[in-house]
Amino acid sequence: MEKPIKNVIIVGTGGQGVILASEILCDVALECGYDTKKSEIHGMAQRGGVVSSHVRYGAKVASPLIAEGTADILLSFELAEAARWIPFIKSDGRVVTSTQKIVPPLVSTGIATYPDQVEEVLKTYSKNPIIVDALSIAHELGNPRLVNTILLAIISDLLDLSEDAWKKVVSNRVPPKFRELNMKAFDRGRQLSC
Amino acid sequence: MKKVLSGNEAIALGVYENGVRFASAYPGTPSTEILENYARYEGVYAEWAPNEKVALEVAVGASMTGARVLATMKHVGLNVAADPFMTLTYTGVSGGFLLVCADDPGMHSSQNEQDNRFYGRFAQVPMFEPSDSQEAKDMVAEAYDISEKYDTPSMIRMTTRISHSKGVVEVGDQPVIKREIAGFQRDKKKNVMIPAFARLKHPKILERVKGLTEYAEITPLNRVEMGDSKVGIVTSGISYQYVKEVLPTASILKLGLTYPLSEKMIRSFAANVDRLFVVEELEPYLEDQIKAMGIPVEGKKYFSILDELSQDLVAKGFKEAGVYDQELVKPITQPEGTDMPRPPLMCAGCTHRGLFYAMNKLKGIVHGDIGCYTLSVLPPLESIDTTLCMGGSISMAHGTAKAIEVLGIEDERPVFAVIGDSTFFHSGLTGLLDVTYNKSNVTICILDNGTTAMTGAQENPGTGKTLQNEESVHIDLKQLVKALGCTRVREVDPFDIKGTIEILKEEVAFKGPSVIITSRPCVQLLKYEPHDIYDSNKDICIGCEMCQKLGCPAISQGDEIPSPNTKKTKRHSVIDTSLCTGCSLCLQVCKPGAIHKL
């Protein structure tokens, strides 16, 4: 039987690099010979709002959307966003999230509250969530923008796409002078997966 | 070679490969990237027109030289362009004419979710609906051929999920077609729509539709995928993909051409299945026409008119209809407290913020418009009272002020219109003409941030640059406003709250129309590091939250301020200095002087 379609939902807030990450994943899937589709919303959402990108790959993909309860992987660039999108993961789906918090003004002005105990929520609703301080690691490696590569490297270890394809696509997507640093970040990210 | 392309990128590529070298458009989500991508190809001419009506007319004029042309716009843009469009269908075309129009079911970035398939039927033009990026590219060639063969504009109707979804497309397999262009040929009976000539044209449309209907029966864009004959589904566009996902073994009639409909094909398909369904987003466009053919069909009973569809909604609909026998996926219920609202916001350093903060002090009636500044409706600013359509703010303000004046309504509040530069060029000019001509007491604020910001910073007649980055005139808003009969024009620096309040007060006190133009560029255009950055001093901050009333994403609440006397807990304001762009508004509103230059 054909391998089922893989569903990866990548989420965060406007300007974090969610769209770029999903484009890289799509290109890796294509590089590995799969059909792939992705979908997200542009426009208003980019003004600091919620951003989600759906990526799917397999022998033949019909819908560009992932249905709730069917995502194999939920990758979040922001802690509370991981909890928001929990309804998308399937029962044995994996959650990978950065611990970075981006607090919206509605919270800072007391109108809404930032969810507490997000890590506990993630542990309750998903199997072995991978919760990493990707921003600190990126800073440690010398550039906060490496968060994208670190997070992608973690999910690369959970997906059936070759490491070579990942490295090829990531290399092509970053400016030549940052290639080496990104490869270092990628290797570091792979170690964080479990 | 295969590449992952969005529907919009695929359209741009298809248009380029077909040797089309002329395009005009006005940006609008989700259509904007079509022209942005097309403009990058070598040897093409692409322009941002001031609005969709102009864009369409420009394309008509270019088509009259025999060249193939492209016009693109979002769904509501076609309302603006409907006037030329509804008569273009009479004149027909010279060079192939393609209108690509993108609907926004679910209103991700729009003021309504109208179904523009009705425009295809209304204008009686061939309407193509792709179901993915590859089809979007492939349909372009067909749309141009049909346009020329039947002397009609063609329309490709996209939706957000086709425009902005990416899929695998075969690229580089087509050499770019070179086309001969005949030049402008005089043909008054064809192109001058006086009643006598237009009357000759109307029957030609009916003939054309007859021809197109025959085409609809044979084009491979309409195809039957025969499977299990118990259930037959007529579908098109993105809905086709959801149906394939949910009922892969059902019989499907996939329509790539949704005007005119292939009636014979639909009849024979209906006759070959036990139960006929239509799965379509928004209105029962196909369903009603199939019912009118006298064919029993089910659709909107199970698939909502509201919002987008998705495979889960399609599965749910078929489950209710009793034809989907699998268990519906039961997702985890949203864990309590995890659905924190995170609405889109004006950026840190947004040039609109200061103006709205100042305007709130005057407690007026504020007519808003379409652009980033619409976001000022949300807390904490909550400044604008209305938003209807592009350019509507000024005319609506005129209507409100005039009604108060002539109908004897007791209302002392000042009446404001707030409109961006690009929106003013789009369709604010005529509203201002009405204000000056019919003399109303309104204060109009043109938020000139030097770009079309909401759709991603496109050039416009006020920026001094064209879409293809050529130097051009830089329309002087002040002179323009004066030329439209408004002699009172003021400029304000929206980063100077006190100065802005003063000028607003003066203009409100003036009885008659006045225009205030803000003079700071969009913060997204700043490519350099900010000169000044501000921070808050914990020891001085008293937690009064004045700075937080600005709704700046860089300012948030920090630690509690220990104090035994207050009932309400007070917290320090904290500035995220990595987000600060140095607009200094927080400095200006901080009375205790806790905010300082870093």
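Chain identifiers are assigned alphabetically (A, B, ...) following the order of the sequence lines, protein sequences preceding nucleic acid strands; residue numbering begins at 1 within each chain.
Proximity to chain B (any heavy atom under 4.5 Å) is shown, for V55(A), by neither the backbone nor the side chain. Neither the backbone nor the side chain of D576(B) comes within contact range of chain A; no heavy atoms are under 4.5 Å apart. Contacts of V329(B) with chain A are made by side-chain atoms alone, with heavy-atom separations under 4.5 Å and no backbone atom involved. Residue contact with chain B, scored on non-hydrogen atoms closer than 4.5 Å, is absent for S53(A). No part of I162(B) comes within reach of chain A, as not one of its non-hydrogen atoms sits under 4.5 angstrom from that chain. With a 4.5 Å cut-off on non-hydrogen atoms, E23(A) touches chain B through its side chain but not through its backbone. For L30(A), the part lying under 4.5 angstrom from a heavy atom of chain B is the side chain only. When heavy atoms are compared at a cutoff of 4.5 Å, I111(A) approaches chain B solely by way of its side chain, counted from C-beta outward. Residue contact with chain B, scored on non-hydrogen atoms closer than 4.5 Å, involves the backbone and the side chain of I102(A) alike. In this structure, the portions of P379(B) lying under 4.5 Å from any heavy atom of chain A include both its backbone and its side chain. For a residue to count as touching a neighbouring chain, one of its non-hydrogen atoms must lie under 4.5 Å from one of that chain's; by this rule C350(B) does not touch chain A.
A donor-acceptor contact closer than 3.5 angstrom is absent between the side chains of R84(A) and T338(B). Using modelled atom types, one finds no donor on one side chain facing an acceptor on the other under 3.5 Å when comparing E245(B) with S63(A).
A 6.0 Å sphere centred on CZ of R179(A) holds more than 12 heavy atoms belonging to other residues, nucleotides or ligands. Residue K167(A) qualifies as enclosed at atom NZ: its count of foreign heavy atoms under 6.0 Å is above 12. Within a 6.0 Å sphere centred on NZ of K319(B), other residues, nucleotides and ligands contribute more than 12 heavy atoms. The number of heavy-atom neighbours closer than 6.0 Å to CD of E120(A), taken from other residues, nucleotides and ligands shown, is above 12.
Heavy-atom minimum distance, P87(A) versus Q334(B): CG-OE1, 3.6 Å. Here the closest heavy-atom approach between residue K244(B) and residue A62(A) is recorded as CB-CB, 4.0 Å.
Per-residue heavy-atom pair counts under 4.5 Å with chain B were compared for A82(A), A80(A), A83(A), and the maximum is reached by A83(A). Most heavy-atom pairs under 4.5 Å with chain A, from the set V574(B), I555(B), D312(B), L313(B): that is D312(B). Counting heavy-atom pairs closer than 4.5 Å to chain B, the top-ranked of the candidates S39(A), G69(A), P64(A) is S39(A). Each of G337(B), A315(B), S133(B), S310(B) has some count of heavy-atom pairs under 4.5 Å with chain A, and the biggest count is that of G337(B). Highest contact tally toward chain A, considering only I238(B), V246(B), V168(B), is held by V168(B) [criterion: heavy-atom pairs under 4.5 Å].
Going from atom CD1 of I332(B) over to atom OG1 of T124(A) covers 10.0 Å, rounded to the nearest 0.5 Å. Taking CD of Q557(B) as the reference point, atom OH of Y114(A) lies at 15.5 Å (rounded to 0.5 Å). With rounding to the nearest 0.5 Å, the separation of CG in L65(A) from CD in Q241(B) is 10.5 Å. Here the CD-CG distance, from Q548(B) to L106(A), works out to 11.5 Å after rounding to the nearest 0.5 Å.
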Discussion item. As a quick check of understanding, evaluate salt bridge (charged side-chain N to carboxylate O under 4.0 Å, His left out) for E68(A) and K330(B), giving each step before the final call.
Written reply: CA-CA 8 Å; E68(A) 284 197 355; K330(B) 285 205 183 75; over 6 Å; no

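Counting only heavy atoms from C-beta outward, the side chains of K38(A) and S165(B) never approach each other to under 4.5 Å. In this structure, the side chains of V107(A) and S556(B) stay at 4.5 Å or more apart for every pair of heavy atoms. Put simply, the side chain of M340(B) does not reach to within 4.5 Å of the side chain of T113(A), judged on heavy atoms. Using a 4.5 Å cut-off on side-chain heavy atoms (C-beta onward), Y125(A) and P335(B) make contact.
Under 4.0 Å is where a charged nitrogen must lie from a carboxylate oxygen, and between K166(B) and E40(A) no such pair does. E31(A) and K2(B) are not joined by a salt bridge, as no carboxylate oxygen comes within less than 4.0 angstrom of a charged side-chain nitrogen.
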